[in-house]
Student: 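First, the structure itself, so that you have it in front of you.
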Amino acid sequence: MNRKLFLLDAMALIYRAHFAFNKSPRITTRGLNTSCIFGFMNSLLEVLTKEKPTHIGVAFDTSKKTFRHEQFEQYKANRQSQPEDITVAIPYIKQIVEAMNIPLLWLDGYEADDIIGTLSQKACATGEFETYMMTPDKDYGQLVNDCVFIYKPAFMGKPAEKLGVTEILDRWQIERVDQVIDILGLMGDAVDNIPGIPGIGEKTAQKLIAEFGTIENLIAGADKLKGKQKENVVNFAQQGLLSKQLATIHLDVPIPFDPEALQLKEYDKPRLSALMDELEFRQLKGRLLGADYEAAPAAKAATPAKPSAKAAPAGQMDLFAQVAPTPSGTQDLPFDFGDSDTTDQPVRVPVASGASATPDQVVTEVANEGEQPAFLDVPYETETPELSDSRQTIHTVRHDYRLVDTPELRQDLAYYLSLQESFCFDSETTSVDPVEADLVGLSFAYRKGEAFYVPVPADKDEAQAIVDVFKGVFENPAIRKIGQNLKYDILMLKKYGVEVQGKLFDTMLAHYLIEPEQRHNMDIMAMTYLNYQPVSIEELIGKKGPKQLTMRDVEMQKVVEYAAEDADITLQLKETFAPLLEKDSLNKLFEQVEMPLVNVLADIELEGVRVDQKALADLSATLDVDIRQVQQEIYTIAGSEFNIGSPKQLGEILFERLKLDKNAKKTRTGQYATGEEILSKLEEEHEIARKILDYRELVKLKNTYVDALPLLISKRDGRIHTSFNQAVAATGRLSSTNPNLQNIPIRTPRGKEIRKAFVPRSDEFVIMSADYSQIELRIMAAFSGDPTMLDAFNNGIDIHTSTASKVFGVPIAEVTGDMRRKAKTINFGIIYGISAFGLSQRLKIPRKEAARIIDDYFAQFAAVKGYMDETIEKARNCGYAETILGRRRYLRDINSRNQTDRQFAERNAINAPIQGSAADMLKIAMIQIHDFMQANHLKSKMILTVHDELVFDAHRSELDMLRENVDHIMRNAIPMAVKMETGIGTGDNWLEAH
DNA sequence: AACCGCTCT
DNA sequence: TTGGGAGAGCGGTTA
């Protein structure tokens, strides 16, 4: 048994890579999505370097139908069509595998698992091979034996796993591996459309197989079961047996086992090199061929690589140089926070808590670059071998992570930090909620590969004393603070009386600007940009659930490794991102908008909003009565009780029992659609429709707001502290969670009652709400320069009336209510990238009429049409749209051949600059207002932000001056070619303030 | 976990 | 013929 054979299930690995990279795809400069290829190659290389197989083969499915389709027509019938990325990737992967001289294994009529199964058993029979089936697919469990194993590749922070008989039996709680088939047969498999037996999931399947052994025995002994389960087993017996057949991997594929062919061979280096160049896999190429490999010229010609941007021949446009200007040209920000980023010399502020070491001596040592300061030589060092294997294969990193746990060491560390222009820090705590959390430790880094961890004990006083040692450096305005999601750490430190000062560099937000739609999670960014897999937090504290630990429960040595690494990695990410921000001209947006906003949001969250708990409790009681009432009425009309909240049951009642609307629409999953629009249409036809709509409204308000909000009222101050997320919305907007305070009802009378419950903190205060009037349409007017729109806005004419007058060709005075309503819908449609169909739906008019209205609109508003066309054209050329401050949104489908995808991208091209510029404007206003309020030590507080609105808890004595200043700042936040207007109101609750 | 439906701007 | 204005978060059901 000295031979080691790896058989890869290519399609399964490719799909897995596709989903893994779904959120942050790798795209070449030519727009080719190479995520799947990259993911596949990573898995392949991982195996080659780490497992050193002697033999290897890569198995593919074929596009032909297989014997399973003959057994079961619907086999894999509900699969989505293959994603384009994958279709494109497969030929490349086959080429690469060929170039590596690894055999491709496939046979029409069979799937990869049958081929792998057959070969693995043949290999086993020779007695010479140890075979690993490389796949994330659980079906393979049935094939495992003493010389055949599953190799589950590393995935999302989990190391690779080898699964043998013991692991499989343990995983499924079974006695023989072939019982995997019985379990899968019972459970079914949604992905492959294997039906299984209804009502049986993994847990039930395990229990039944433990008891009966096989599906056949289960069916024979169905008497012993009870109720619905018995019924199902009896009724779906055939389906269960069929499912078992489908889940069975066949071991009789007519394919020879040829050890010679499978033997690992030399690569076709020139071909491989050319392929790597074409795919722009620089690091991968190095790992495959050696870093200094240069292909022979002849080989390059075979698959010509794209000339790099720098080497582009004269006359050929470099895509990235061809940056489209913003609608009105990227302009300098109209404000400045005093520190110009070029001129300032950091001011050294002595640290009060000071140094115990001799300053002179220490400074000399620091100046001596590359050497470890003497004071840190003592305590703690981790060894690289402690890293799990999977991490090592990606990157072997030498690092120096140290525990700082004595008064002397802490003082020294604080002193060294005080000498830095910037340092990176991270806090370890007991909870993800900063309000709930206690500090467990702080980690710091200021040089790559070196980091320090300072544990903070549970005892309040001791903790405070330790934090106080670092108060000076945190509050030193000359030192920039680097971190990942700094708002969290800033809030955390505020609880310990530390006001973090100085410029910030938040890696999460830097990446949000660089790649707004990708994930900004540190582990993923480390993988993507540093090729390094950090210790996952799950490895330390376990999965979410009752058994989850807090950081305080974890062994110190592990925490040091984890926490110090976080600071180190974050520091390295900062080094990576800073030039990228520069390259994309995102610096000002980052330094002057996103970074200052972090502090503003932290303060808003900390303040919180007072909610009248009593009012909500009363409202809950009346809603409860009303819900029961409507519910009974619905049951009476329907003739039976059912779950009105179940769209499935409701659909059956409406469209099958009551036979409403014979051409009832179905959703794409085959259920009846019962949304608001559908039910509204049914209102005339049947009284039940109105009742259901009422029921829905009541239940929604009660469950989502009235009953949920009180649970989030803090015991400490009786207020609700939402959390604003600065890095989720692709356009630059903020979002709000826990709870979402950006979707508090206002439309309906009952909704208004909920808004009324948002009240000032005391009698001395009132709620003041300030919102931009028509911010998005004004921005559209400014960007397009349309004279009619500009005229209306600059002269205070109602924009919808003005639009109606133009589109319907009547004087302003003759615009009817209906005309204005239509114009309003059109105006909104414009912002979102209108279609005739969309407009006809919303206006409930025929499609032709909608098309005519749109034509009329564009005839009258030619500048708007021109702007829209231009924006799309620019996006086609440079691949992104941008806001007035240069915030980008990449539109990868803008040139897609798929009409739906392309049109979606086109709508985004129009909407993103508008929605995003509005967000830019509000963010600047927030920062300036926050500054103003702080500078004047106002008692009033900013408490909410809702896309175009700011809400304040305003002290009565400050009301007039606050109103005036807020209005002025908001209107002038970004000078535009159009007049900006605000609406400001006050009242004893949020509703009245509107 | 995915889907549906509904709340907001 | 299908799917067709944008951006979010949350609660419930179903599988």
Side-chain angles (χ1 to χ4, degrees), chain A residues 187-190 195-196 198-202 204 516-517 643-651 665 667-679 692-693 695-705 707-709 712 722-725 728-748 750-751 754-755 771-772 774-776 825-842 847 850 854 868 881 889 898-916 918-919 922 944-949:
Chain A
M187 282 167 59
D189 182 344
I200 299 185
E202 182 178 328
T204 318
E517 280 175 277
N643 187 344
I644 308 170
S646 158
K648 188 169 139 72
Q649 293 181 34
L650 177 64
K665 276 202 191 111
T667 64
R668 69 185 168 82
T669 44
Q671 296 199 33
Y672 293 107
T674 65
E676 198 267 341
E677 219 167 304
I678 309 259
L679 292 184
I692 289 165
L693 288 170
Y695 175 86
R696 287 239 180 102
E697 183 195 345
L698 299 175
V699 168
K700 171 79 176 176
L701 295 181
K702 183 165 189 290
N703 290 342
T704 309
Y705 305 102
D707 289 348
L709 289 175
L712 291 159
T722 183
S723 149
F724 287 102
N725 199 328
V728 288
T731 52
R733 272 188 179 178
L734 299 169
S735 81
S736 154
T737 55
N738 282 311
N740 181 352
L741 293 186
Q742 294 184 322
N743 71 348
I744 299 303
I746 193 170
R747 248 180 38 251
T748 65
R750 287 175 189 275
I754 295 173
R755 208 166 258 240
D771 67 346
Y772 281 109
Q774 306 290 0
I775 186 170
E776 295 188 341
T825 307
I826 298 169
N827 277 332
F828 272 101
I830 291 299
I831 293 169
Y832 298 143
I834 201 161
S835 75
F837 181 89
L839 188 65
S840 73
Q841 286 288 295
R842 254 148 265 272
R847 202 163 157 166
I854 292 176
M868 289 170 58
R889 173 156 190 192
N898 180 322
Q899 172 179 268
T900 311
D901 292 352
R902 187 180 62 250
Q903 285 174 344
F904 185 69
E906 288 172 357
R907 292 195 295 275
N908 280 327
I910 292 164
N911 179 258
I914 294 179
Q915 193 183 111
L922 190 73
L944 282 179
T945 163
V946 197
H947 310 311
D948 66 356
E949 175 188 11

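Naming convention: chains lettered A, B, ... in sequence-line order (proteins, then strands); numbering from 1 in each chain. Here the structure is a predicted model, which means the values were calculated and not measured.
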Student: Does A/S646 put a side-chain nitrogen or oxygen below 4.0 Å from OP1 or OP2 of C/dT14?
Tutor: yes
Student: For B/dC6 versus C/dT2, give the span between their C1' atoms, rounded off to a whole number of Å.
Tutor: 25 Å
Student: Could you check whether A/A708 gets within reach of a base, just the sugar-phosphate, or nothing at all, counting any heavy atom under 4.0 Å?
Tutor: sugar-phosphate
Student: My understanding is that only residues two or more places apart in sequence, or in another chain, count here; which of them pass ring pair (Phe, Tyr, Trp, His ring centres under 6.0 Å) with A/Y695?
Tutor: none
Student: Return no unless some side-chain N or O of A/N643 is found under 4.0 Å from OP1 or OP2 of C/dG12.
Tutor: no
Student: Between A/Y695 (OH) and C/dG12 (P), how many Å, whole number?
Tutor: 10 Å
Student: Treating A/N911 as the side-chain partner and A/I831 as the backbone partner, does any N or O pair qualify as donor plus acceptor under 3.5 Å?
Tutor: yes
Student: Of the nucleotides C/dA6, C/dA8, B/dT7, which has the atom closest to the A/E697 side chain?
Tutor: B/dT7
Student: Would you mind classifying the nucleic acid contact of A/A919 as base, sugar-phosphate or nothing, using non-hydrogen atoms under 4.0 angstrom?
Tutor: nothing
Student: Rounded to the Å, how far apart are A/L701 CG and B/dC8 C1'?
Tutor: 12 Å
Student: Return the minimal non-hydrogen interatomic distance between A/M868 and A/I830, and the atom names on each side.
Tutor: SD-CG2, 4.3 Å
Student: Please determine whether a side-chain nitrogen of the Lys or Arg among A/E697 and A/R750 lies less than 4.0 Å from a carboxylate oxygen of the Asp or Glu.
Tutor: no
Student: Any chance you could measure A/Y772, atom OH, to A/H947, atom NE2, to the nearest 0.5 Å?
Tutor: 15.0 Å
Student: With rounding to the closest Å, how many angstrom separate the C1' atoms on B/dG5 and C/dT1?
Tutor: 26 Å
Student: Can we say A/E676 and A/K700 salt-bridge, meaning some charged N sits less than 4.0 Å from an Asp/Glu carboxylate O?
Tutor: no
Student: Has the side chain of A/R755 got a donor or acceptor atom that lies under 3.5 Å from a matching backbone atom of A/P745?
Tutor: yes
Student: Take atom CG of A/L709 and atom C1' of C/dC10, then tell me their distance rounded to the nearest Å.
Tutor: 11 Å
Student: Taking only the side-chain heavy atoms of A/N911 (C-beta and beyond), determine which of B/dT9, C/dC10, C/dA6 contains the nearest atom.
Tutor: C/dA6
Student: Just how far, in rounded Å, is C1' of C/dG9 from CZ of A/R733?
Tutor: 13 Å
Student: Write down the distance between CD (A/E776) and P (B/dT9), rounded to a whole number of angstrom.
Tutor: 12 Å
Student: Under 4.0 Å from OP1 or OP2 of B/dG5: is there any side-chain N or O of A/T674 that close?
Tutor: yes
Student: Would you indicate what A/V728 reaches in the nucleic acid, counting non-hydrogen atoms under 4.0 angstrom: base, sugar-phosphate, or nothing?
Tutor: sugar-phosphate
Student: From the options B/dT9, C/dG9, C/dA6, select the nucleotide whose nearest atom is closest to the side chain of A/V946.
Tutor: B/dT9
Student: A/E949 CD to B/dT7 P: how many Å, rounded?
Tutor: 18 Å
Student: Please state whether the phosphate of C/dC10, meaning OP1 or OP2, lies under 4.0 angstrom from any side-chain nitrogen or oxygen of A/T704.
Tutor: no
Student: Taking N or O atoms only and anything under 3.5 Å, show me the protein contacts with nucleotides 1-4 of chain C, one pair per line.
Tutor:
none

Student: Please check this pair: side chain of A/T704 against backbone of A/L701, looking for a donor-acceptor N/O pair closer than 3.5 Å.
Tutor: no
Student: Which nucleotide in the set C/dT14, C/dG9, B/dT9 lies at the smallest distance from any side-chain heavy atom of A/R755?
Tutor: B/dT9
Student: OP1 or OP2 of C/dG9 sitting under 4.0 Å from any side-chain N/O of A/N725?
Tutor: no
Student: May I ask you to say what A/F828 touches in the nucleic acid, namely base, sugar-phosphate or nothing, with a heavy-atom cut-off under 4.0 Å?
Tutor: base
Student: OP1 or OP2 of C/dC10 sitting under 4.0 Å from any side-chain N/O of A/N743?
Tutor: no
Student: Calculate the interatomic distance between A/K648 atom NZ and B/dA2 atom P; express it in whole Å.
Tutor: 20 Å
Student: Over all strands shown, is A/I910 touching base, sugar-phosphate only, or nothing at heavy-atom distances under 4.0 angstrom?
Tutor: nothing
Student: Looking across every strand, which nucleic acid part, if any, lies under 4.0 Å from A/I831 by heavy atom: base, sugar-phosphate, or nothing?
Tutor: nothing
Student: Rounded to whole Å, how long is the line connecting atom NZ of A/K702 with atom P of C/dG12?
Tutor: 10 Å
